[in-house]
Amino acid sequence: MSLLSLDHLSKTFRTAGGPVHAVRDVSLEVKSGECLAIVGESGSGKTTLANMILGILAPSAGEIRFDGQALPARRTATERRRIQFVQQNPLSALNPKRSVGASIRLGLDTYRIGGRAERWPAVEAALEAVGLPGEMRHRAPAALSGGQRQRVGIARALAVEPQLIVLDEPTSALDVLVQARVLRLLDRLRRERGLTYVFITHDLAVVRNIADRIAVFRAGRLIELGETAALFNDPKTDYTRSLIGAVPVVDESELELRTRLAEGP
Amino acid sequence: MSLLDIADLTLSFKGLSGLTEVLHGISLSIAPGEKVALVGESGSGKSVTARIVLGLLQEQKTARIGGTVRFAGQDLAALSPRDREGLRGTEISMIFQDPTSYLNPVFTIGRQFAEVLRRRDPGLARAACEARAIEMLAETAIPDPARVLGSYPFQLSGGMNQRVMIAMALANHPRLLIADEPGTALDVTVQAQTLKLMRQLVDLHETAVLFISHNLGVVREFADRVYVIYRGRIVEDGPTAAVFGDPRHAYTQALMAAVPRITGDGLPDVPEVSEAFLAPKVHHRLRSGRAT
């Protein structure tokens, strides 16, 4: 069952130097409950695509369907609530003047989730779901570590009970030990709550271990789409091959895979 | 003899709430022409160590530095600030994470290159600067170096600016190059090319490198020897193959385990902090490869 489908989606920006085709005629389906990774280098169009899914940008052409319904460019509160966003840099995502609890509660108030009396307990429950103590809601974002802030960003997205979460480089600003914990948390939450993820990243080693399927983008086009293991073992395009070949690796077995891919099909 | 010899280096910063200790006695040495990595997470003290070697933190009033740093036999603390400054850009140079913040946006590459070359040779004529710059840029496989010299940084790609920065850093034939997270801001394919190029050039010029990084994969591909730093202490050091093949310290083991593998071994389950990370240092001997 597909939860989200993109149908011949394009986005062109008009600039002084002529039109920039950021996303070109992309069609793909995101299945309910899966983690689909969108992988590409800078300029591949992955962030523009995310912004269209989130309703931040209107497509120049094509259609976005969610749960069987076409999504309009201007969305209702319910339509917005069902698709949430986790950003790369949680410090810029959280209002520095609000307590983290107030940032999380904002979504509950906006979408009128639960009665007023139930909202603070719901905020604390969201924090506890990401492994933070409920009383952390009183703290300011600046008083938190990078890993804690990213957990708050996830809690905020979870609190409004979305069906789909778009994650844009959610762990690339984190230290490796913190990244490992946050990745496990994201994976567990998806399974426990039946969430669907669109996971945007340039880090192939991360998606190898968290995504069900991978979509490779280059210069605004979807150039390869496949099941994760199949795509790594037998990439169909030279570009995907070169992306995997450029990942700095730590194990001998990884080196063997890289060498095999470098030799070509 | 070592080119760089750091012995029992301590650093603390004086702030409103008293002293904050950052380095708790670090010892590290680099032989001439050797590529050594200092690997650790943010806040571990790796970048401040580089700033001390460059002689930058010595000028900061709030910094309290103990221990010794010797470069080519000279104690940096015994040098005048002026002599320490004289080493920068000539004997010791640096490559940064993000070339666009290193290069000055309002001057052409040619003008910035001349400034670098004149640090060693203040009277160098314009034509000589240009010839030397073209020669260095050609070494970094930049096509049409003359055109690049006339360009501003924003007219070049990120990968191209990175090459320019490498060419500038090596232009005065420094004996030590400090590379702080080089290429981290770039796409993976460009980063891989940048590292390969840097390795070729430092091997060609026999430049020693202090390579600072949080990325274990990059370190494994670049360095001859590795020091792992955790909260201001070296926890493990040795030849790259020994440390990666047989990590002995709990922190190094956790760091290695936490890196997701492209072979798809699943999401690693490692602790974020542990008492064991504070265990004494493990040293792998150079030849036998046995840890002590």
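Naming: A, B, ... by sequence-line order, numbering from 1 per chain. Note that the coordinates shown come from a computational prediction; the quantities given were computed from them, not determined experimentally.
Using a 4.5 Å cut-off between heavy atoms, Glu221(B) contacts chain A through its side chain alone, with no backbone atom that close. For Gln179(A), the part lying under 4.5 angstrom from a heavy atom of chain B is the side chain only. For a residue to count as touching a neighbouring chain, one of its non-hydrogen atoms must lie under 4.5 Å from one of that chain's; by this rule Phe277(B) touches chain A with the side chain only. For chain B, the nearby parts of Arg184(A) are the backbone and the side chain; heavy atoms of each come within less than 4.5 Å. Interface residue Leu183(A): backbone and side-chain heavy atoms are both found under 4.5 Å from chain B.
Using a distance-only test at 3.5 Å, with no hydrogens or angles considered, a donor-acceptor pair links the side chain of Asp224(B) to the main chain of Lys35(B). Between the side chain of Arg151(A) and the backbone N or O of Leu127(A) there is no donor-acceptor pair closer than 3.5 Å. Looking only at distances, a side-chain donor or acceptor of Glu254(A) sits under 3.5 Å from a matching main-chain atom of Ile262(B). A donor-acceptor pair is defined here as one N or O able to donate and one able to accept, closer than 3.5 Å; such a pair exists between the side chain of Tyr197(A) and the backbone of Leu186(A). Judged by distance alone, with hydrogens and angles left aside, the side-chain atoms of Arg149(A) form a donor-acceptor pair with the main-chain N or O of Leu144(A) at under 3.5 Å. A donor-acceptor pair is defined here as one N or O able to donate and one able to accept, closer than 3.5 Å; no such pair exists between the side chain of Ser213(B) and the backbone of Val219(B).
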**OP:** Please test Thr194(B) against Gln162(B) for side-chain hydrogen bond (donor to acceptor under 3.5 Å, both in side chains), starting from the C-alpha separation and ending with a verdict.
**Re:** CA-CA 7 Å; Thr194(B) 303; Gln162(B) 191 84 33; 5.3 Å; no
Subject >> Candidate pair Gln88(A) and Ser172(A), rule side-chain hydrogen bond (donor to acceptor under 3.5 Å, both in side chains), full reasoning >> reply: CA-CA 7 Å; Gln88(A) 174 175 12; Ser172(A) 56; 3.1 Å; yes
**OP:** Check the pair Val282(B) / Val235(B) against side chain to side chain contact (heavy atoms under 4.5 Å, CB included), numbers first and verdict last.
**Re:** CA-CA 6 Å; Val282(B) 179; Val235(B) 295; over 6 Å; no
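In this structure, Leu19(B) CG and Lys14(B) NZ are separated by 8.0 Å, a value rounded to the nearest 0.5 Å.
Residues Phe217(A) and Val26(A) have side chains in contact (heavy-atom distance under 4.5 Å, counting atoms from C-beta outward). Within the 4.5 Å cutoff, side-chain heavy atoms of Phe211(B) are placed close to those of Met198(B). Taking the side chain as every heavy atom from C-beta outward, Leu132(A) and Val100(A) never approach each other to under 4.5 Å.
Using a 4.5 Å heavy-atom cut-off against chain B, the contacting residues of residues 225-239 of chain A are Phe232(A). Residues of residues 35-42 of chain A placed with any heavy atom under 4.5 Å of a heavy atom in chain B are listed by number as Glu41(A), Ser42(A).
Among the candidates Glu272(B), His214(B), Gln193(B), Arg261(B), the residue making the largest number of heavy-atom pairs closer than 4.5 Å to chain A is Arg261(B). The most heavy-atom pairs under 4.5 Å with chain B, out of Val247(A), Asp203(A), Val249(A), come from Val249(A). The candidate with the highest count of non-hydrogen atom pairs below 4.5 Å against chain A, out of Pro268(B), Gly264(B), Ala192(B), Gly43(B), is Gly264(B). With chain B as partner, the option from Leu204(A), Ile244(A), Asp251(A) having the largest number of non-hydrogen pairs under 4.5 angstrom is Asp251(A).
Classification of Lys46(B) and Asp180(B) as a salt-bridged pair fails, no side-chain N sitting under 4.0 Å from a carboxylate O.
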